[in-house]
Structure formats: structure tokens, C-alpha cells
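What follows is a single structure, written as C-alpha cells, with notes after it.
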Amino acid sequence: MKSVLLRLYPARWRARYGDEFAAILDERPLGPFDVADILLGALDAQLRLRRVGADIAHGRSFTMSLRIGGIAAIIGGALWPVGLFLGSGDGQDAGLVASLLLITGSLALLVALVGLSAFQARTHPRLAWAAFALPAVGTIASIVGLVGTNLRGEPYWAMWFFGTIAFFLGSTLFAIATYRTAVLSRGAAVLLGVGSVLTIV
């Protein structure tokens with residue numbers, strides 16, 4: 001996987017920074033945050049051919065990614081319950097607005113998990129990937145379920161439900177990873193875990 005990620009960068013960039021960047025990639029396991037960060041860096045290098053490897057090496061990109069993750073968590077945390085509340089009412093217009101809020105909130109929460117997973121993968125790579133993969137699959141299933149429910153009706157509701165359960169199970173794994181690494185607030189990790197479990201219940 002690391003060689004594939006390295007090949008995404010332009011040949012001129014690889015000739016100059018490739019060995020150093022490959023050494024950095026070999027030093028630690030990669031998590032969802034790292035892959036997203038490297039993909040963005042490769043895109044930037046393709047478009048501008050400027051030095052991005054050093055930024056990744058020195059962790060300068062962590063601050064922005066963590067900020068984006070935090071903002072996405074706030075947005076998703078606000079939109080999702082509002083969408084769920086509106087969706088429990090009657091009326092097709094309310095259902096459409098609720099679905100849009102739930103979809104936007106779910107995608108924002110997924111971005112938050114990627115942005116805030118910067119440090120979990122250093123010590124718990126499998127747990128960090130599971131904490132991303134399960135919500136990602138759940139988000140896709142819940143979006144398909146919401147769209148299907150709005151277009152065709154009741155049969156797709158179960159897909160949304162099980163996708164949402166998968167998302168919150170993944171959020172619980174993310175809370176465990178965050179608590180174990182203790183890089184971000186352990187209190188926030190406990191609140192996330194408790195909130196995820198209560199939502200599932």
C-alpha cells in the first residue's frame with residue numbers, strides 16, 4: 001500500500017523526495033488519517049509540484065486536519081440529531097429535509113473520524129482502521145437506505161437502521177482507540193463511547 005501511495009506523487013517529486021518520504025512511511029503504521037493526508041498531499045503535488053513531503057514529515061498538517069476534524073464533529077453532531085428529530089415527524093417535506101440533514105451529518109461525522117484519527121494509528125493501527133471502516137460502511141448503507149426510503153418507501157428503512165447501528169458501533173471503537181492512546185481528551189472519548197452506546201440502545 002505504501003508503494004502505491006508513493007506512486008501517486010509526480011515523478012519529479014519522487015526523484016527529489018521519494019526516498020525520504022518512503023523512509024517516513026516505513027517508520028510507522030498508516031491509519032485512515034495518514035492515507036487521507038497523503039492522498040491530499042499527492043493531489044497538491046500533482047497540481048502544484050511543491051514540497052508537501054516535509055510538511056507531512058514534520059507534522060505541520062496535523063493541526064489543520066485536527067481542526068477540520070473538530071469542526072466536522074461539531075457540524076455532524078448538531079445536524080444528525082436535528083435530522084433524526086425532524087424525521088420522526090409527519091410529512092414528506094419534513095422527511096426530505098430530515099434525510100438531507102442525516103446524510104450531511106453522517107458525512108461530517110465520517111470526516112471527523114478521519115481528521116481526529118491522526119494519532120490512534122501510531123499505536124493501534126488495526127483498531128484505528130476498524131474504527132474508520134465500520135462507520136464508513138455504515139454511512140454508505142444508511143445513505144442508500146435514506147435515499148431508497150425517500151424514493152420507494154418503507155423497505156429501505158432497515159438498511160438505514162443497520163447502517164446507523166454500524167456507524168455508532170464504529171464510533172464506539174473510535175472512542176476506545178482515543179481513550180487508549182490518550183492523545184486527545186479521555187473525557188471526550190468516554191462521552192463519545194457512552195453517547196454511541198446510548199444511541200444504539
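Atoms considered below: every heavy atom in the structure, side chains included; atoms not considered: hydrogens, waters and symmetry mates. Note that the numbering runs from 1 along the sequence shown for the chain.
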Test of understanding: clusters of I, L, V, M, F, W, Y form through side-chain heavy atoms closer than 4.5 Å, transitively. Do [X] and [Y] belong to the same one?
{"X": "Val137", "Y": "Ile143", "value": "no"}
{"X": "Trp157", "Y": "Ile103", "value": "yes"}
{"X": "Leu84", "Y": "Phe162", "value": "yes"}
{"X": "Ile75", "Y": "Val82", "value": "yes"}

Find out whether [X] and [Y] are in side-chain contact, i.e. whether some heavy atom of one side chain is under 4.5 Å from a heavy atom of the other.
{"X": "Leu102", "Y": "Leu79", "value": "no"}
{"X": "Thr178", "Y": "Arg186", "value": "no"}
{"X": "Leu173", "Y": "Leu169", "value": "no"}
{"X": "Phe132", "Y": "Leu110", "value": "yes"}
{"X": "Leu5", "Y": "Leu39", "value": "yes"}

If every non-hydrogen atom of [X] is compared with every non-hydrogen atom of [Y], which pair is closest and at what distance?
{"X": "Met159", "Y": "Val144", "result": "SD-CG1, 3.3 Å"}
{"X": "Ser196", "Y": "Thr172", "result": "CB-OG1, 3.3 Å"}
{"X": "Pro135", "Y": "Ser171", "result": "CG-N, 4.1 Å"}
{"X": "Ala73", "Y": "Ala112", "result": "N-CB, 3.4 Å"}
{"X": "Ala128", "Y": "Pro32", "result": "O-CG, 3.8 Å"}
{"X": "Thr164", "Y": "Ser142", "result": "OG1-CB, 3.9 Å"}

Spacing of [atom1] belonging to [X] relative to [atom2] belonging to [Y], to within rounding of 0.5 Å:
{"X": "Ile165", "Y": "Phe161", "atom1": "CD1", "atom2": "CZ", "value": "4.0 Å"}
{"X": "Ile140", "Y": "Phe167", "atom1": "CD1", "atom2": "CZ", "value": "12.0 Å"}
{"X": "Leu134", "Y": "Trp129", "atom1": "CG", "atom2": "CH2", "value": "14.0 Å"}
{"X": "Leu100", "Y": "Leu146", "atom1": "CG", "atom2": "CG", "value": "9.0 Å"}
{"X": "Leu101", "Y": "Trp80", "atom1": "CG", "atom2": "CH2", "value": "12.0 Å"}
{"X": "Ile38", "Y": "Ile24", "atom1": "CD1", "atom2": "CD1", "value": "9.5 Å"}

Looking only at the side chains, is there a donor atom on one of Thr149 and Trp160 sitting less than 3.5 Å from an acceptor on the other?
no

Given Tyr17 and Tyr9, is the ring pair (Phe, Tyr, Trp, His ring centres under 6.0 Å) satisfied, shown in steps?
CA-CA 10 Å; Tyr17 307 111; Tyr9 285 84; 9.3 Å; no

